[in-house]
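It should be emphasised that the depicted structure is a prediction, and the values quoted were computed from it without experimental measurement. Only this structure's heavy atoms are used, side chains among them; waters, hydrogens and symmetry mates stay out.
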Amino acid sequence: MGITERRQRERDVRRELAMDAAMAIYAAEGYHAITMDKIAERSEVSRAALYLYFKNKEEIVLSAIISYADYFARILREMYEKRESIRENLLEELWECFREFYEKDPVAFSAWQYLHQREMVTNLSAEFRDILYDVGAKVVSLQHKIVGYAVEEGIFIQCDHRTLAEVIWSTFLGIVYTERSKYRLSHKNHMAVTMDTARQVLSLGVLNPSRKKIGSGVRRLRD
């Protein structure tokens, strides 16, 4: 390995350490507790070195979110590319993409959604707002393509595919928020069973009612 490659690797490692540290602080203390000093201390990267790689803490958090969102986009793209072979289970596969995305890094998932809150978006610079928008737009576009294909092929009900994609995603988000809130209060976790039930309920309203699969879905739900 040459000097240039070694330096690039060291740079990438330090960036990863900084992003991991920022997410750890967010998980333990919340977004507003994140500071460059705390990131430096936790990551064992000097404060001066951090400023060689990032402008401020917002850029560190956004970099972590972008990396996480790129993973989401990748698994959605892979799903779209194999849409023909999974058409009979497309809703289940889409739901599993959402679940896999969330379970990969619940902290980054939470941070991404937190930054979308109005007061947070308003406080971001125009540059960072654009970055956040572009990251989300890429993921939303892929969701629209997947659901659009399902509507066009008669797998899902006939309606505006963009609205339907938002309904499915919003259902998933609502479950995550509700179950996380319940866990903080009671330390009880019903995430898995609630997600499975929601997927089955969605299948009764999302899948084209002329498809025979609906009957088996009803039986499973009643069982």
Side-chain angles (χ1 to χ4, degrees), residues 22-23 26-27 30-32 61-62 64-80 89-124 128-151 155-157 159-207 217 221:
M23 290 296 94
Y26 172 82
Y31 178 81
H32 293 291
V61 172
L62 276 175
I65 289 172
I66 289 169
S67 176
Y68 180 58
D70 284 344
Y71 169 78
F72 191 24
R74 179 172 64 79
I75 62 176
L76 286 172
R77 190 176 299 109
E78 290 172 355
M79 179 186 168
Y80 182 73
N89 298 297
L90 197 139
L91 178 61
E92 289 82 357
E93 291 284 342
L94 181 59
W95 195 258
E96 284 306 308
C97 278
F98 293 169
R99 190 201 298 261
E100 182 179 342
F101 168 58
Y102 170 72
E103 292 180 350
K104 176 178 172 59
D105 192 339
V107 175
F109 181 96
S110 174
W112 188 7
Q113 299 307 313
Y114 180 75
L115 285 186
H116 278 83
Q117 294 182 21
R118 181 178 179 181
E119 61 271 22
M120 293 304 303
V121 172
T122 302
N123 289 329
L124 290 175
F128 288 160
R129 282 200 302 270
D130 289 344
I131 292 172
L132 193 63
Y133 173 81
D134 290 342
V135 168
K138 180 169 58 176
V139 169
V140 169
S141 176
L142 285 164
Q143 292 180 18
H144 286 177
K145 288 178 69 174
I146 292 168
V147 176
Y149 164 79
V151 171
I155 301 167
F156 288 2
I157 56 175
C159 65
D160 184 276
H161 68 279
R162 292 162 297 186
T163 301
L164 183 56
E166 290 172 4
V167 167
I168 297 170
W169 175 240
S170 297
T171 301
F172 181 85
L173 283 181
I175 291 170
V176 170
Y177 288 146
T178 300
E179 290 299 325
R180 285 166 66 103
S181 296
K182 284 165 56 179
Y183 181 76
R184 285 193 292 268
L185 291 172
S186 65
H187 298 289
K188 294 180 180 179
N189 188 345
H190 304 119
M191 185 82 76
V193 66
T194 304
M195 283 191 176
D196 287 341
T197 301
R199 178 186 55 77
Q200 293 184 55
V201 171
L202 276 172
S203 73
L204 299 178
V206 171
L207 296 177
L221 190 58

Might you point out which heavy atoms bring [X] and [Y] nearest each other, and give the distance in Å?
X: Leu62; Y: Leu115; value: CD2-CD1, 4.0 Å
X: Met120; Y: Tyr31; value: CE-CE2, 3.2 Å
X: Ala198; Y: Ile175; value: CB-CD1, 3.1 Å
X: Met195; Y: Trp95; value: O-NE1, 3.3 Å
X: Tyr68; Y: Lys104; value: CE1-CB, 4.4 Å
X: Gly136; Y: Trp112; value: CA-CZ2, 4.0 Å

Student check: side-chain heavy atoms of [X] and [Y] closer than 4.5 Å:
X: Leu76; Y: Leu94; answer: yes
X: Lys138; Y: Asp70; answer: yes
X: Arg180; Y: Met191; answer: yes
X: Val147; Y: Val206; answer: no

To the nearest 0.5 angstrom, please state how far the [atom1] atom of [X] sits from the [atom2] atom of [Y].
X: Leu164; Y: Ile146; atom1: CG; atom2: CD1; answer: 12.0 Å
X: Ile66; Y: Asp134; atom1: CD1; atom2: CG; answer: 9.0 Å
X: His190; Y: Thr178; atom1: NE2; atom2: OG1; answer: 13.0 Å
X: Leu90; Y: Tyr149; atom1: CG; atom2: OH; answer: 7.0 Å
X: His161; Y: Gln143; atom1: NE2; atom2: CD; answer: 11.5 Å
X: Ile75; Y: Met79; atom1: CD1; atom2: CE; answer: 10.0 Å

Given Arg199 and Thr171, is the side-chain contact (heavy atoms from CB on, under 4.5 Å) satisfied, shown in steps?
CA-CA 9 Å; Arg199 178 186 55 77; Thr171 301; over 6 Å; no

Determine yes or no for a side-chain-to-main-chain donor-acceptor pair under 3.5 angstrom, with [X] supplying the side chain and [Y] the backbone.
X: Ser110; Y: Pro106; answer: no
X: Ser141; Y: Ala137; answer: no
X: Asn89; Y: Glu92; answer: no

Steps toward side-chain contact (heavy atoms from CB on, under 4.5 Å) verdict (Leu124, Ile131):
CA-CA 10 Å; Leu124 290 175; Ile131 292 172; over 6 Å; no

State plainly whether the residues Arg74 and Glu78 are in salt-bridge range, i.e. N to O under 4.0 Å.
yes

Under 6.0 Å between the ring centres of Trp169 and Phe72?
yes

Run the ring-centre check on Phe101 versus Phe109 and record whether the distance is less than 6.0 Å.
yes

Would you say Tyr133 has more than 12 foreign heavy atoms packed within less than 6.0 Å of its OH?
no

Tell me if the CZ atom of Arg162 is crowded by more than 12 foreign heavy atoms within 6.0 Å.
no

Evaluate Tyr26 against Val61 for side-chain contact (heavy atoms from CB on, under 4.5 Å), listing each step before the verdict.
CA-CA 9 Å; Tyr26 172 82; Val61 172; over 6 Å; no

Check the pair Ile168, Leu91 against side-chain contact (heavy atoms from CB on, under 4.5 Å), reporting the backbone distance first and the verdict last.
CA-CA 9 Å; Ile168 297 170; Leu91 178 61; 4.3 Å; yes

